[in-house]
Amino acid sequence: MTRPWSFVTHIDKKTAQIKHRLLQIVVLASDEFIECHVKEKRMELHGATALVTGVGIDNLGHHLVRQLIERGATRVYAAARRPENVHVDEAEIIRLDLTDAASIEGAARAAADVDILINNAATFAGDLNFIDADLDRVRRLFETNFYGTLRMVQAFTPILEHNGGGAILNVLSAAAWSHLDGVDVYGATKAAGWRMTESLRHELAPRGIQVSSLLFGMAATPTLRAYADAVAGPGVMDAMMTPPAEIARIALDGIEAGRSQILGDRLAVDARAALADDPEPVVITSPRVVAHGVS
């Protein structure tokens, strides 16, 4: 006997499939509109002038700077809140604090020849959930990760446009699409950054500026290694981590290919797929937690 709600469920699923397909059509049409505005100036790294924020010891910014130079960029500015942590001899170092408007204005004056802006700087928090959160800490995270990135885009958009167009890459995180205890507030800042980046693609395409996002789960940087070792034990999560040099390569390949959304590792690919196919939240759990039967 057919249950009365099984037909309704079938209709609901069919309706959802139709809505999903319509959304795909809208997105494809939108992408074609953007492509027609930027296709005449596909970004080439060789001969480009780039600025990378958040450059530190062996982090993603460090590898982005090194690889830009290796790929023939004419000039690369390495921006950092602590310039002493920049160790790339060929780079031009700029002190930059994303929470300081004057610092951003100074960077824009110093690097007025750029045609590639990579917003990599961010503050990570692995011990902050919403219910008991210190709101001052939440605000500080958004101040750097969201508003700081927005200020950089606002400061450098006129420069990129004046220089004939260019590219912006906003470095985000798969935490925007997933749940991990203690990381959700950080993830919210990256989710806001993702929404901003999607909108900027439309706003800046008529100005000849290509806008992309880079999302990845876990890069084997000193900061994320320390976090992973603290929550799961030394080396337990190493297999889930991707070398930052590899993520940097994928990011720069994506810029040159004109990709709007660049997924830097398997965790980001899986998080995006799960988000598209399943309304349930994506939960990232460390191997040690799984071993203890908690998921």
Side-chain angles (χ1 to χ4, degrees), residues 20 23-24 26-28 30-32 34-35 38 42-43 45 50 52-54 59-64 67-68 71 116-122 124 145-146 149 167-180 183-184 186-202 205 210-221 223-225 227-228 237-286:
H20 180 66
L23 180 60
Q24 286 180 320
V26 170
V27 170
L28 287 171
S30 173
D31 286 346
E32 289 176 3
I34 291 173
E35 175 69 11
V38 300
R42 182 58 58 84
M43 201 66 236
L45 302 180
V52 181
T53 70
N59 70 356
L60 180 61
H62 169 85
H63 289 279
L64 286 166
Q67 291 186 29
L68 281 164
R71 293 186 186 215
I116 299 175
L117 170 65
I118 299 181
N119 288 311
N120 170 67
F124 177 74
N145 298 355
F146 180 78
T149 297
I168 296 173
L169 175 68
N170 288 338
V171 178
L172 305 174
S173 169
W177 297 334
S178 56
H179 161 69
L180 179 60
V183 183
D184 282 348
Y186 168 79
T189 69
K190 293 300 187 176
W194 178 80
R195 179 62 266 169
M196 174 177 65
T197 304
E198 292 296 295
S199 297
L200 287 170
R201 288 175 54 216
H202 295 267
Q210 168 187 309
V211 180
S212 308
S213 58
L214 169 67
L215 297 100
F216 57 91
M218 298 191 74
T221 63
T223 297
L224 286 182
R225 276 187 179 278
Y227 166 75
M237 298 183 74
D238 282 359
M240 298 175 65
M241 307 184 87
T242 301
E246 175 64 10
I247 296 175
R249 181 193 64 77
I250 292 169
L252 297 182
D253 285 349
I255 291 174
E256 286 199 306
R259 296 189 181 279
S260 60
Q261 192 161 261
I262 304 164
L263 305 182
D265 66 3
R266 187 74 231 177
L267 290 174
V269 173
D270 290 345
R272 181 187 179 190
L275 196 66
D277 297 336
D278 191 341
E280 293 298 318
V282 181
V283 179
I284 299 174
T285 313
S286 75

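All of these numbers come straight from a predicted model, not from anything done at the bench.
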Which atoms form the tightest heavy-atom contact between [X] and [Y], and what is the distance?
{"X": "Ala248", "Y": "Leu60", "answer": "N-CD1, 3.7 Å"}
{"X": "Arg71", "Y": "Arg249", "answer": "NH2-O, 3.4 Å"}
{"X": "Ala268", "Y": "Leu215", "answer": "CB-O, 3.4 Å"}
{"X": "Trp194", "Y": "Leu172", "answer": "CA-CD1, 3.4 Å"}
{"X": "Asn59", "Y": "Thr221", "answer": "CA-CG2, 4.0 Å"}
{"X": "Ala219", "Y": "Met241", "answer": "O-CE, 3.3 Å"}

Tyr186: ring-ring contact (aromatic ring centres under 6.0 Å, His included) partners, not counting sequence neighbours: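 Per chain and number, Tyr186 pairs via ring-ring contact (aromatic ring centres under 6.0 Å, His included) with Phe124.
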4.5 Å side-chain heavy-atom contact, Ile118 and Leu252: yes
Side-chain touch Thr53/Val171, heavy atoms, less than 4.5 angstrom: no
Residues Thr242, Ile250; criterion side-chain contact (heavy atoms from CB on, under 4.5 Å); working and verdict: CA-CA 11 Å; Thr242 301; Ile250 292 169; 5.9 Å; no
Chi angles and distances behind the side-chain contact (heavy atoms from CB on, under 4.5 Å) call for Val211, Met196: CA-CA 10 Å; Val211 180; Met196 174 177 65; over 6 Å; no
Inter-residue atom distance Phe146.CZ - Arg195.CZ, 0.5 Å rounding: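 It is 10.5 Å, given to the nearest 0.5 Å.
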Value rounded to 0.5 Å, distance of CD1 in Ile255 from CD1 in Ile168: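 With rounding to 0.5 Å, CD1 (Ile255) is 10.5 Å from CD1 (Ile168).
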Side chains of Asn170 and Thr149, donor plus acceptor under 3.5 Å: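 Short answer, no.
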Salt-bridge present (Glu198, Arg201; N to O < 4.0 Å):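 Answer for the salt bridge query: yes.
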Indicate yes or no for a side-chain donor-acceptor contact from [X] to the backbone of [Y] under 3.5 Å, with no hydrogens or angles considered.
{"X": "Asn120", "Y": "Gly54", "value": "yes"}
{"X": "Asp265", "Y": "Met218", "value": "yes"}
{"X": "Asp184", "Y": "Gly187", "value": "no"}

Set of residues satisfying side-chain contact (heavy atoms from CB on, under 4.5 Å) with respect to Ala191, sequence neighbours excluded: Ala176
Partner set under side-chain contact (heavy atoms from CB on, under 4.5 Å) for Ser212, not counting sequence neighbours: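 Result, side-chain contact (heavy atoms from CB on, under 4.5 Å) vs Ser212: Leu169, Gln210, Ile262.
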Flag if over 12 foreign heavy atoms under 6.0 Å of CZ, Arg259: no
